[in-house]
Amino acid sequence: MGNIQRSKVFDLSHLQGDIRGGVISFLVAVPLCLGIALASGAPLFSGIIAGIVGAIVIGIFSRSALSISGPEAGLIVVVLGAIESLGSFPAVLLAICLAGVFQIGFGYAKAGIISNFFPSSVIKGMLAGIGIILIIKQIPHLVGYDADAAEEIVLLPNKGIDIVDQFRLAFGQFNVAAIFIAIVSLSILLLWEQSWVKTHRLLKNIPAALVVVVLGVFINELLKTAYPQWALGGNHLVQLPVADSPAAFMQLLTMPDFSQIMNPKVYAAALSIALVASLEALLSIEAIDDLDPLKRRTPTNQELKAQGIGNILSGLLGGLPVTSIIVRSSVSINAGAHTKLAALLHGSLLLICVVAIPGVLNMIPWASLASILLITGYKLAPISTFRQLYRLGKVRFLPFVTTVAAILLTDLLTGIAIGMAVGLFFILRENYRKGHQTDTIKTESGQLIRIRLGEHVSFLNKAGIVSLLRDAPDNSTIEIDGTQSTYIDRDVLDAIRNFRSTAQSRNIRLIFRRPIASELVSPAQRMNSVRYRDQMQEV
């Protein structure tokens with residue numbers, strides 16, 4: 001299985017799609033890396049370093065075919081808290097290195113199994129919630145309001161500007177150039193979804209997102225020449241730090257403060273970063289595997305180790321903590337990526353461009369990138385997904401829609417936790433309902449109550465079974481059939497044993513079918529093996 005997985009991860013037959021995926025996800029990543037660093041209170045270049053390390057280093061060590069790692073908005077609060085607690089960013093870098101060590105330990109402890117306990121409806125809800133937030137938060141950018149570059153996955157933050165204020169500000173100061181570029185960009189992206197474009201000999205090989213970015217730059221440069229008062233500038237464009245010499249480039253890097261190695265607060269911050277980054281990585285990997293057109297599965301323990309290696313190196317080089325990111329990965333998948341070559345190209349382009357041509361990247365309008373993210377958001381939250389889960393019934397639909405709503409109203413991890421709680425409720429309810437079935441039959445000698453135990457009878461079924469036994473009429477017969485059970489909880493068996501003396505005093509005849517007879521019948525009855533195996537036992 002491992003060899004099959006590896007051969008699919010590296011497959012040059014998908015080279016063209018991987019190139020498209022790597023290029024487009026790279027273009028989207030540049031402003032997001034900068035925005036997350038800004039929102040985290042860290043040096044801007046730390047976001048770029050994290051993007052390079054996450055894509056290249058984790059891309060090398062990870063066994064995921066499509067995941068792209070880097071700085072993620074869900075870690076902003078953790079980094080802010082660490083900076084406040086430790087007092088300096090270099091001390092936080094040391095905590096990031098130690099967080100990577102913790103993550104490697106999680107991998108060897110096989111903590112990746114946690115991902116198997118997330119229901120598919122919650123994972124789909126997470127994707128849809130992120131998609132809806134992406135759509136909503138791009139709207140201000142489409143009309144020229146570009147103050148919120150971090151794209152943090154939360155609509156209603158505890159402090160600072162929320163989405164309502166963003167809309168009020170955005171629609172109070174329309175930017176004609178941004179709106180025009182957005183309309184052209186969205187038109188191209190929708191045009192490229194048409195079947196005739198997808199089958200066109202030339203156009204099908206040109207990424208729509210690349211056309212959008214190039215046209216956005218061209219339109220804005222044209223406006224600078226013809227109508228300079230309308231042209232976009234400042235925070236309406238990507239703002240990458242520019243180093244004009246090797247010495248200036250080195251000044252953009254920050255080193256960890258190893259003098260804080262004995263500070264217990266550093267270890268507390270490291271553990272917080274490791275836990276949040278690991279959980280987000282596992283959730284993202286599960287979701288990305290779900291988006292994978294080839295439906296490959298990522299070894300989660302290996303992923304934790306790869307994430308740990310990435311965080312150690314990111315901290316040493318002055319970068320933010322990294323984790324697997326759904327948004328960038330889904331942009332890459334939508335552009336045609338099939339293997340991890342897309343992630344490696346993504347990171348390589350980041351490295352080359354920030355060193356060689358940062359000025360060119362700073363010409364890209366936010367309106368162009370927002371258009372790409374808006375379409376990506378819709379592909380994460382299509383109406384068809386809501387319809388499909390609704391048709392599957394409330395057991396699947398309610399955890400899904402609760403996860404979506406909770407993510408929109410709180411934040412990513414809190415929303416997932418709420419969705420998991422709702423999913424767990426339905427699991428427990430179904431377990432309770434399927435733990436046993438009851439039939440009541442009237443006979444000449446009295447009433448026969450037949451209790452058929454399910455395949456898995458847990459302590460959750462104890463209350464229902466005890467209630468049935470307690471309410472049984474006097475002078476009746478109770479037959480408990482456990483022939484289909486593979487597991488019966490000890491608490492349930494004890495409850496039936498305790499009822500035995502009560503049954504005798506109420507003249508209730510109690511009958512058992514195997515396999516639970518081995519726990520309930522007397523040793524003398526157990527000696528008669530033929531009768532014990534093949535006949536009902538009366539106690």
Keeping [X] on the side-chain end and [Y] on the backbone end, is there a donor-acceptor pair under 3.5 Å?
X: T410; Y: A406; value: yes
X: S314; Y: L320; value: yes
X: E84; Y: L80; value: no
X: T300; Y: G112; value: yes
X: R20; Y: A335; value: yes
X: S185; Y: I181; value: yes
X: K340; Y: G59; value: yes
X: N311; Y: V322; value: yes

Starting at [atom1] of [X], measure out to [atom2] of [Y] and round the result to the nearest 0.5 Å.
X: N220; Y: L237; atom1: CG; atom2: CG; result: 5.5 Å
X: F118; Y: M420; atom1: CZ; atom2: CE; result: 5.0 Å
X: F106; Y: L275; atom1: CZ; atom2: CG; result: 4.5 Å
X: I136; Y: L374; atom1: CD1; atom2: CG; result: 10.5 Å
X: L282; Y: N301; atom1: CG; atom2: CG; result: 8.5 Å
X: L93; Y: L98; atom1: CG; atom2: CG; result: 11.0 Å

Testing [options] for side chain to side chain contact (heavy atoms under 4.5 Å, CB included) with [X], which one passes?
X: P358; options: I48, V30, V242, V238; value: V242
X: L291; options: L380, L66, N334; value: L380
X: S371; options: L189, T376, V213; value: L189

Which word best sums up how the rings of H338 and H14 line up, parallel for under 30°, tilted for 30 to 60°, or perpendicular for over 60°?
parallel
Applying side chain to side chain donor-acceptor pair (under 3.5 Å), name anything that partners T414, two or more places apart in sequence or on another chain.
D411
Qualifying residues under side chain to side chain donor-acceptor pair (under 3.5 Å), relative to S368, sequence neighbours excluded
none
Test log, rule side-chain contact (heavy atoms from CB on, under 4.5 Å), inputs H346 and F26
CA-CA 5 Å; H346 168 105; F26 146 72; 4.1 Å; yes
Closest non-hydrogen atom pair between [X] and [Y], with its separation:
X: S25; Y: I68; result: OG-CD1, 3.6 Å
X: G21; Y: A342; result: C-CB, 4.3 Å
X: I326; Y: S284; result: CG1-OG, 3.6 Å
X: A82; Y: A269; result: CB-CB, 4.1 Å
X: G318; Y: F89; result: O-CE2, 3.9 Å
X: L232; Y: P365; result: CD1-CB, 3.9 Å

Student check: side-chain heavy atoms of [X] and [Y] closer than 4.5 Å:
X: M126; Y: I130; result: yes
X: V79; Y: P321; result: yes
X: I309; Y: I58; result: no
X: I333; Y: D292; result: no
X: L316; Y: C97; result: yes
X: L350; Y: I52; result: yes
X: Q302; Y: S64; result: no
X: I416; Y: V122; result: yes

Counterpart residues, salt bridge (charged side-chain N to carboxylate O under 4.0 Å, His left out), relative to [X] (two or more places apart):
X: D257; result: none
X: E303; result: none
X: D290; result: K124

Do other residues, nucleotides or ligands put more than 12 heavy atoms under 6.0 Å from I261 CD1?
yes
Residues forming a side chain to side chain contact (heavy atoms under 4.5 Å, CB included) with [X], sequence neighbours excluded:
X: D289; answer: I285, R297, T298
X: M255; answer: L253
X: V395; answer: F426, R429, E430
X: V401; answer: F397, L398

Taking only residues at least two apart or on different chains, which pairs with a member in [range] satisfy side chain to side chain donor-acceptor pair (under 3.5 Å)?
range: residues 269-282; value: Q103-S278
range: residues 320-330; value: S67-S324
range: residues 418-428; value: none

Run the side-chain contact (heavy atoms from CB on, under 4.5 Å) test on L94 and N263 for me, step by step, so that the C-alpha distance in whole Å, both residues' side-chain angles and the decisive distance to 0.1 Å come before the verdict.
CA-CA 11 Å; L94 177 61; N263 185 351; over 6 Å; no
Walk me through whether L271 and F102 qualify under side-chain contact (heavy atoms from CB on, under 4.5 Å).
CA-CA 7 Å; L271 185 59; F102 285 140; 4.3 Å; yes
Yes or no on side-chain contact (heavy atoms from CB on, under 4.5 Å) for I364 and L361, after CA distance, side-chain angles and deciding distance?
CA-CA 6 Å; I364 301 174; L361 296 179; 4.2 Å; yes
Would a line drawn from the ring center of F386 to the ring center of F400 be shorter than 6.0 Å?
yes
